[in-house]
Amino acid sequence: MIEVENLTLARGGAAVLRDLTFRIPARGITAVIGPNGAGKSTLLHTLAGLMRPDAGSVTIAGTDIHRAREDERALILSLLTQSAGTVPRLNVRDLVGFGRWPHHRGRPTQADARLTDEVLERFDLTDLGGREVEELSGGQKQRAFLAMAYAQATPWMLLDEPLAALDPKYTRDIMERLRAIASDPDDPRGVVLVLHDLSIAADHADWCVALKDGRLHCAGPWRDSMTSDRLSALYDTPLRMVSVEGRTVVMDT
């Protein structure tokens with residue numbers, strides 16, 4: 001479980017996150033949503049321990065994340081940021097293999113090599129293993145970075161806008177893979193991701209954390225917490241959730 005208590009963070013004298021308190025359960029997909037400037041990416045980086053709050057705490061899997069050492073955090077969570085993307089002359093297999101670093105600390109074993117191969121296969125990247133990452137399409141590249149985060153073998157995966165600039169094919173591919181990861185009966189992971197596409201969030205998220213102006217708008221199971229009225233209030237524009245052929249879609253009204 002992720003437990004956030006009275007979390008407050010300021011930058012440049014301005015509050016970015018304001019007294020946030022919420023829980024995220026240990027399994028499933030949690031969508032972090034809200035308008036531009038709401039503090040979504042800042043929250044994700046604070047959960048990962050990269051930004052230290054001015055007040056409050058973040059506890060993940062029983063560990064105070066801001067008191068833990070970097071090597072301890074790396075065994076609890078993996079973080080995929082928006083800036084991940086420029087890795088000149090690095091092939092896909094080596095990129096995915098970097099996910100094993102927190103476990104071998106520069107001395108990879110045969111077990112690490114075997115796990116890397118298994119992750120490449122799971123993410124349909126085996127045939128691309130020798131290709132340079134910069135030669136891949138946007139969707140293939142994002143799948144490779146996701147595979148690296150998965151190879152870290154942490155109970156939590158934090159993803160900052162992993163669907164940015166992806167076409168519908170790769171958007172669906174990534175979300176289906178995240179669902180499989182979150183629902184794996186043998187190795188379930190908690191997945192927390194920042195999303196701008198509300199229809200994707202409504203159709204795939206089990207849980208939501210909604211921010212507005214750095215404050216918590218609501219948090220909880222998506223179906224119980226998020227309504228058309230709440231979405232409209234969150235984004236200051238009329239929105240409606242409707243069912244289309246068994247899938248939930250968010251529409252302007």
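All residue numbers in this chain count up from 1 along the given sequence. Given the structure is predicted, the values throughout are model-derived calculations rather than measurements.
For residues 206-225, no residue pair satisfies the ring pair (Phe, Tyr, Trp, His ring centres under 6.0 Å) rule, not counting sequence neighbours. Contacts classified as salt bridge (Lys or Arg N to Asp or Glu O under 4.0 Å) and involving residues 17-44 (residues at least two apart or in different chains) are given here: Glu3-Arg23, Glu5-Arg23. Contacts classified as ring pair (Phe, Tyr, Trp, His ring centres under 6.0 Å) and involving residues 114-140 (residues at least two apart or in different chains) are given here: Phe123-Tyr150. The list of salt bridge (Lys or Arg N to Asp or Glu O under 4.0 Å) pairs with a residue in residues 153-171, not counting sequence neighbours, is empty. Applying the salt bridge (Lys or Arg N to Asp or Glu O under 4.0 Å) test to pairs two or more places apart or on separate chains, those with a residue in residues 216-244 are Lys212-Asp236.
Remark: Asp112 does not engage Arg114 in a salt bridge, criterion side-chain N to carboxylate O under 4.0 Å.
The cluster map of Ile, Leu, Val, Met, Phe, Trp and Tyr, joined by side-chain heavy atoms under 4.5 Å apart, puts Leu178 and Val209 in different clusters. Hydrophobic clustering places Leu211 together with Ile24 (ILVMFWY residues linked when any side-chain heavy atoms are closer than 4.5 Å, directly or through intermediates).
Residues forming a salt bridge (charged side-chain N to carboxylate O under 4.0 Å, His left out) with Arg11 (at least two apart in sequence, or on another chain): none. In terms of the salt bridge (charged side-chain N to carboxylate O under 4.0 Å, His left out) criterion, residue partners of Asp184 (sequence neighbours excluded) are, by chain and number, Arg122. Scanning for ring-ring contact (aromatic ring centres under 6.0 Å, His included) contacts around His104 gives Trp101, with sequence neighbours left out. Partners of Leu115 by side chain to side chain contact (heavy atoms under 4.5 Å, CB included), not counting sequence neighbours, listed by chain and number: Arg100, Glu118. A search for side chain to side chain contact (heavy atoms under 4.5 Å, CB included) contacts involving Glu121 returns Thr126, not counting sequence neighbours.
Under the side chain to side chain contact (heavy atoms under 4.5 Å, CB included) rule, Val16 has a single partner from Leu9, Thr46, Asp213, which is Leu9.
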Side-chain donor/acceptor pairs under 3.5 Å, residues 73-80, sequence neighbours excluded:
| from | atom 1 | to | atom 2 | distance (Å) |
| --- | --- | --- | --- | --- |
| Arg73 | NE | Ala48 | O | 3.4 |
| Arg73 | NH1 | Ala68 | O | 3.2 |
| Ser78 | OG | Ala149 | O | 3.3 |
| Ser78 | OG | Thr154 | OG1 | 3.4 |

Can you give the donor-acceptor pairs under 3.5 Å from side chains of residues 52-59 to other protein atoms, not counting sequence neighbours?
| from | atom 1 | to | atom 2 | distance (Å) |
| --- | --- | --- | --- | --- |
| Arg52 | NH1 | His66 | O | 3.1 |
| Arg52 | NH2 | His66 | O | 2.7 |
| Asp54 | OD2 | Ala10 | N | 2.6 |

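Asp203 has its side chain out of reach of Val249: every pair of non-hydrogen atoms, C-beta onward, lies at least 4.5 Å apart.
Using modelled atom types, no side-chain atom of Glu176 and backbone atom of Asp173 make a donor-acceptor pair closer than 3.5 Å.
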